[in-house]
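Working notes, beginning with the structure itself.
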Number of protein chains: 2
Amino acid sequence: MAQQPDTVTRILDTAEVLFAERGFAETSLRNITSKAKVNLAAVNYHFGSKKALIQAVFARYLDPFTVRFHAALDELEARHEGGVIPLEELLETMARSVLEVPAERHSLKVFMRLLGLAYSQAQGHLRRYIQEQYGSVFTRFTELVRQATPELPDAERFWRLHFMLGTVIFTLSGLDALRDIAEKDYGEHVSVRDLVRRLRPVVVAAMNAPLPEPAPVQREAG
Amino acid sequence: MAQQPDTVTRILDTAEVLFAERGFAETSLRNITSKAKVNLAAVNYHFGSKKALIQAVFARYLDPFTVRFHAALDELEARHEGGVIPLEELLETMARSVLEVPAERHSLKVFMRLLGLAYSQAQGHLRRYIQEQYGSVFTRFTELVRQATPELPDAERFWRLHFMLGTVIFTLSGLDALRDIAEKDYGEHVSVRDLVRRLRPVVVAAMNAPLPEPAPVQREAG
DNA sequence: AGAACATTCAAACAATTGTTTCCAATGACG
DNA sequence: CGTCATTGGAAACAATTGTTTGAATGTTCT
């Protein structure tokens, strides 16, 4: 069942880069196999189908991430002995977990671009797959955030978390294009870690923003 | 040259919905023409190619938007007689302009989903096309934001604007999926305008967030 | 009316897609 | 040795893709 060495890894390495660059539908199996220098039939032989290959590419990132993130949350909870964990520490822990995983493998840029694609592209199988992998950690993380921000209404916190998810995924997945503009306009080269540094106060401020004015009563009075 | 009535509009109406639902590569011309009840060749006859059709779909949103947004900024500048326009008013004006345009046409959801796709999918022709259409208004808007936030370093403002762009596009383009979750978990049905109401204080707080700690000197000291 | 033009239609085009099959070569392990 | 899983190669598969063609039809103007 399990492959240890070459062909499978070669396919995954090539596929994730091409997927990140051009999307799933725009990347053909022949693109992958020719660049990876493996036979065309190898993909169907080892993975079964293109859909399964796509999921395998994600699994190689998500599996280590969930393990690591759970462990980091374990340690964080132990350190606070059942007390409330401050929001900044929760966000910091998440950022660290996200940053650690691709460091062993490929660039964070590829990982984030894949996440962005998963959200915007292919409506079907991928979203479900991600939900199954991400679901448990994200639920746990959400609950900790709830305890850290007791003053926030549940719905408000839900939406703000997704606002910030959008900020991070959008920025990091479109990093190349944005970096080009920024570099041209401000001469300054930004690294991913530089961006995370800039993101931190913004995310914290966004989560702690004042509550919106209550919704008007269905139809605004004249 | 100009078609007034049926076939062209029918194609555009159908194409924008299908594109928004499934992406560009995943939507075939036969999907569009069969659902629009027009002949397959009609697309190439009226638009020339699929790429041109995609751009036409965007033009139908972006052209009215840029006109309207420029006008709104004109009025805003006139009202402040050369003085600095507060950030809240700038954001409010932009939100209003974005909300107004699709109201005449289709749902804001489709518009935002298309914007999201333009950013995440197909790196080539579309991004350039959007840049040409959006470029002038966005530059003008950016300059006004600069005057409204003189304390922000230029690079910091650039990134924060894109952070917020990511928040809005990501949230509104993935609205359907998020709405399903929110509705299931909190029983509350959210409208687009409800979401904009929630976004406002978050965006303002994010833009006014404290500056990040300065970047470490290349390699952190032990 | 006829001429000129714009549009619609069915059919075919060439190219590319994911997938399968058959066959030979390789290596590992019993 | 022989068995079996893994590779590589080449070919073909059925299906779908965007695009083009040429004839039929409609519309418009003189």
Side-chain angles (χ1 to χ4, degrees), chain A residues 1-60 114 117-118 121-126 129, chain B residues 1-59 114 117-118 121-126 128-129:
Chain A
M1 286 297 172
Q3 269 66 32
Q4 67 271 36
D6 237 22
T7 304
V8 172
T9 308
R10 209 123 44 87
I11 292 176
L12 286 173
D13 287 345
T14 312
E16 72 176 19
V17 172
L18 290 181
F19 284 155
E21 281 177 358
R22 309 141 69 154
F24 305 117
E26 294 87 346
T27 303
S28 69
L29 291 185
R30 287 173 178 81
N31 279 336
I32 298 172
T33 54
S34 69
K35 188 159 192 174
K37 293 206 175 74
V38 303
N39 191 269
L40 170 61
V43 171
N44 288 282
Y45 175 76
H46 287 288
F47 297 95
S49 69
K50 187 183 181 181
K51 266 187 352 189
L53 169 64
I54 295 176
Q55 296 186 353
V57 167
F58 274 85
R60 214 164 52 142
L114 289 175
L117 286 178
Q121 221 168 117
Q123 63 289 27
H125 69 106
L126 235 182
Y129 180 79
Chain B
M1 285 297 173
Q3 267 65 31
Q4 67 274 36
D6 239 20
T7 304
V8 171
T9 307
R10 210 121 46 88
I11 292 176
L12 286 173
D13 287 346
T14 312
E16 72 176 20
V17 172
L18 291 182
F19 284 156
E21 280 176 359
R22 309 140 69 154
F24 305 117
E26 294 87 347
T27 303
S28 71
L29 292 185
R30 286 173 178 80
N31 279 337
I32 299 172
T33 54
S34 70
K35 188 159 190 173
K37 293 206 175 75
V38 304
N39 191 271
L40 169 62
V43 170
N44 287 280
Y45 175 76
H46 287 287
F47 297 94
S49 69
K50 187 183 181 181
K51 263 182 1 184
L53 170 63
I54 295 176
Q55 296 185 352
V57 166
F58 274 85
L114 289 175
L117 286 178
Q121 222 166 110
Q123 64 285 36
H125 70 106
L126 234 182
R128 277 193 299 271
Y129 180 79

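A, B, ... follow the sequence lines: proteins, then strands. Residue 1 opens every chain. Computation of the quantities below employed the complete heavy-atom set of this structure, encompassing side-chain atoms and omitting hydrogens, waters and symmetry-equivalent molecules. As the structure is a prediction and not an experimental result, all values here were calculated from the model.
When rounded to the nearest whole Å, the span between NZ of B:K37 and P of C:dT8 equals 16 Å. What separates CZ of B:R10 from P of C:dT7 is a distance of 14 Å, to the nearest Å.
The CG atom of A:N31 lies 10.5 Å from the CD atom of A:E26; values are rounded to the nearest 0.5 Å.
Phosphate contact (OP1/OP2 of D:dT7, side-chain N/O of A:Y45, threshold under 4.0 Å): absent. Distances shown here put a side-chain N or O of A:H46 below 4.0 Å from the OP1 or OP2 atom of D:dT7.
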Its contact letters, B for base, S for sugar-phosphate only and - for none at protein heavy atoms under 4.0 Å, make nucleotides 11-21 of chain C read -B----BBBBB

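Between A:R60 and A:D13 there is a salt bridge, since a side-chain N of the basic residue sits under 4.0 Å from a carboxylate O of the acidic one.
Side-chain atoms of B:R10 come within 3.5 Å of backbone N or O of B:A36 as a donor-acceptor pair.
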Verdict with reasoning, A:V38 to A:T14, per side-chain contact (heavy atoms from CB on, under 4.5 Å)
CA-CA 11 Å; A:V38 303; A:T14 312; over 6 Å; no

side-chain contact (heavy atoms from CB on, under 4.5 Å) between A:L53 and A:L12: does it pass, once the steps are laid out?
CA-CA 8 Å; A:L53 169 64; A:L12 286 173; 3.9 Å; yes

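Classified by interplanar angle (parallel below 30°, tilted 30° to 60°, perpendicular above 60°), the ring pair A:F58/A:F24 is tilted.
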